[in-house]
Trainee: 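Quick one: the structure is below, questions incoming.
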Amino acid sequence: MSSASFLFLSPALPSELLTYILNHDAYPTTLIICSTRADFISSLVDDVHNETVAKSSPAESVAEAPEAQREKPERETRQHRFLSSPLYQVATSRHIRVVYIPTVTHLRAYLSVFSPEESPVPPPPANFKSSRDECPRMVLFGFLDMHRDTSEWSAQGLGNSLSTVVELAHRLSWQAAIIESRNRDSSSALEDMLKEHIPFLSGGGRRPGLDSDEGGWTGRTVEVGRVMKRWFRFEYGPWDADSST
């Protein structure tokens, strides 16, 4: 994992996000879910369920085996890896601050008054020592999706929100990471996401009848990646280790 202060990581499943947080936590890390709690929990449940079902589907070689030999592998794969967390991760999760913010306006307001000292999440005990040398971080999940299909879906709108994140992280000497959500059935590539076009100014609209990302907007457009790279470094997350090689 890079030591860069500001990272824009490749899209992740909800379970991959939580695993990442547990593996890179240092109190008082804060996870900001850019959606409602109900929507995030629903997507997490679907993620875990879909992987569990996929793994528990027996292969032909297993199907042909005696029933007694099939039962054990099926029981082992029926439980999602995320539900079998080590005790250390379970202990760590108790000291991670998680907030749900569904709108751009609420996000900016929250960041403008954010203070780690006001967190209701208690610090770990003095004898709780981490084997990892990690600094506190702020992770935003679904940042771009929060802006999409709103009047803030523009270089101006993203820039205003990003500058608030960067200013806060600088003030606290924290790292910041942005991770977008992906579905198990879709391939939301990092490169495709960064090449998406948005208007320069907030409030820009699409021309009727034009569906292309670049030609559909009125006025000048710019790629999302050009806006993000002013502050953030692009990297593949640990869940995409094969893609980064």
Side-chain angles (χ1 to χ4, degrees), residues 1-14 16-17 20-21 24 29-35 99 101-112 114 135-183 186-204 206 212-217 219-241 243-244:
M1 179 56 58
S2 170
S3 59
S5 296
F6 307 112
L7 295 176
F8 185 84
L9 300 178
S10 53
L13 297 168
E16 293 169 337
L17 165 75
Y20 170 79
I21 293 293
H24 298 84
T29 285
T30 297
L31 171 60
I32 300 177
I33 305 295
C34 299
S35 69
V99 294
I101 305 178
T103 70
V104 175
T105 301
H106 286 90
L107 174 65
R108 294 174 183 169
Y110 176 80
L111 295 176
S112 66
F114 178 86
C135 73
R137 69 184 62 206
M138 178 177 299
V139 180
L140 294 92
F141 186 62
F143 176 85
L144 293 182
D145 280 342
M146 166 188 282
H147 290 75
R148 187 177 280 107
D149 297 328
T150 72
S151 60
E152 299 298 323
W153 184 235
S154 65
Q156 181 184 28
L158 290 182
N160 289 339
S161 298
L162 289 170
S163 63
T164 305
V165 173
V166 170
E167 180 181 357
L168 175 61
H170 268 303
R171 177 168 59 85
L172 298 175
S173 297
W174 284 16
Q175 291 186 351
I178 292 177
I179 305 172
E180 292 304 302
S181 176
R182 71 177 178 91
N183 296 322
S186 65
S187 56
S188 300
L190 176 61
E191 294 81 0
D192 294 339
M193 186 171 293
L194 297 176
K195 291 179 180 179
E196 186 173 357
H197 281 255
I198 55 177
F200 271 99
L201 301 178
S202 298
R206 287 186 180 273
S212 67
D213 289 338
E214 184 173 4
W217 292 107
R220 296 179 60 192
T221 63
V222 63
E223 291 182 351
V224 169
R226 290 190 59 187
V227 179
M228 300 294 299
K229 73 177 182 180
R230 179 179 178 183
W231 296 283
F232 286 76
R233 177 177 175 177
F234 308 138
E235 286 190 5
Y236 288 101
W239 49 87
D240 282 332
S243 301
S244 59

Trainee: Would you check if F8 and L194 make a side-chain contact, meaning some heavy-atom pair closer than 4.5 Å?
Mentor: yes
Trainee: Locate the shortest heavy-atom distance separating P14 from R182; write the atom from each residue and the value.
Mentor: CD-O, 4.4 Å
Trainee: Please enumerate all residues that pass side-chain hydrogen bond (donor to acceptor under 3.5 Å, both in side chains) together with R220, with sequence neighbours excluded.
Mentor: none
Trainee: Could you walk me through whether F143 and L158 pass the side chain to side chain contact (heavy atoms under 4.5 Å, CB included) check?
Mentor: CA-CA 9 Å; F143 176 85; L158 290 182; 4.0 Å; yes
Trainee: What are the two closest heavy atoms between S154 and F200, and how far apart are they?
Mentor: CB-O, 4.0 Å
Trainee: Would you say F6 and M228 make side-chain contact, with heavy atoms under 4.5 Å?
Mentor: no
Trainee: Suppose we screen for ring-ring contact (aromatic ring centres under 6.0 Å, His included). Which residues come up paired with H106, at least two apart in sequence or across chains?
Mentor: none
Trainee: Please examine the side chains of L107 and L111, heavy atoms only from C-beta on, and report whether any two atoms are closer than 4.5 Å.
Mentor: yes
Trainee: Can you list the steps and then say if L7 with Q175 is a side chain to side chain contact (heavy atoms under 4.5 Å, CB included)?
Mentor: CA-CA 8 Å; L7 295 176; Q175 291 186 351; 5.6 Å; no
Trainee: Does W239 reach the side chain of L17, with side-chain heavy atoms less than 4.5 Å apart?
Mentor: no
Trainee: Identify, with sequence neighbours excluded, every residue that meets side-chain hydrogen bond (donor to acceptor under 3.5 Å, both in side chains) alongside R108.
Mentor: E152, S161
Trainee: Please round to the nearest 0.5 Å and tell me the distance separating atom CH2 of W231 and atom NE2 of H170.
Mentor: 10.5 Å
Trainee: Looking at M146 and P102, what are the two nearest heavy atoms and their distance?
Mentor: CE-C, 4.0 Å
Trainee: Quick one: list whatever passes side-chain hydrogen bond (donor to acceptor under 3.5 Å, both in side chains) with D145, sequence neighbours left out.
Mentor: R148
Trainee: Does any non-hydrogen side-chain atom of V222 lie less than 4.5 Å from one of I198?
Mentor: yes
Trainee: Would you give the length of the straight line joining atom CG of L162 to atom CD of E167, rounded to the nearest 0.5 angstrom?
Mentor: 12.5 Å
Trainee: Would you please name every residue forming a side-chain hydrogen bond (donor to acceptor under 3.5 Å, both in side chains) with T105, sequence neighbours left out?
Mentor: none
Trainee: Hey, what do you get for CD1 (I21) to OG1 (T30), rounding to the nearest 0.5 Å?
Mentor: 9.5 Å
Trainee: Just verifying a value: how many Å separate E16 CD and F141 CZ, rounded to the nearest 0.5 Å?
Mentor: 9.0 Å
Trainee: CG of L172 to CE of M138: how many Å apart, nearest 0.5 Å?
Mentor: 6.0 Å
Trainee: For a quick test of reading the model, state the closest non-hydrogen atom pair linking T29 to P136 and the distance between them.
Mentor: OG1-CA, 3.9 Å
Trainee: Which heavy-atom pair separates D240 from S10 by the least distance, and what is that distance?
Mentor: OD2-OG, 2.8 Å
Trainee: So which heavy atom on W153 is nearest to which on H147, and how close?
Mentor: CB-O, 3.3 Å
Trainee: Quick one: CZ on F232 to CD1 on I178, what's the gap to the nearest 0.5 Å?
Mentor: 4.0 Å
Trainee: Ignoring hydrogens and geometry, is there a side-chain-to-backbone donor-acceptor pair from Q156 to S202 under 3.5 Å?
Mentor: yes
Trainee: Suppose we screen for ring-ring contact (aromatic ring centres under 6.0 Å, His included). Which residues come up paired with F114, at least two apart in sequence or across chains?
Mentor: Y110, W174
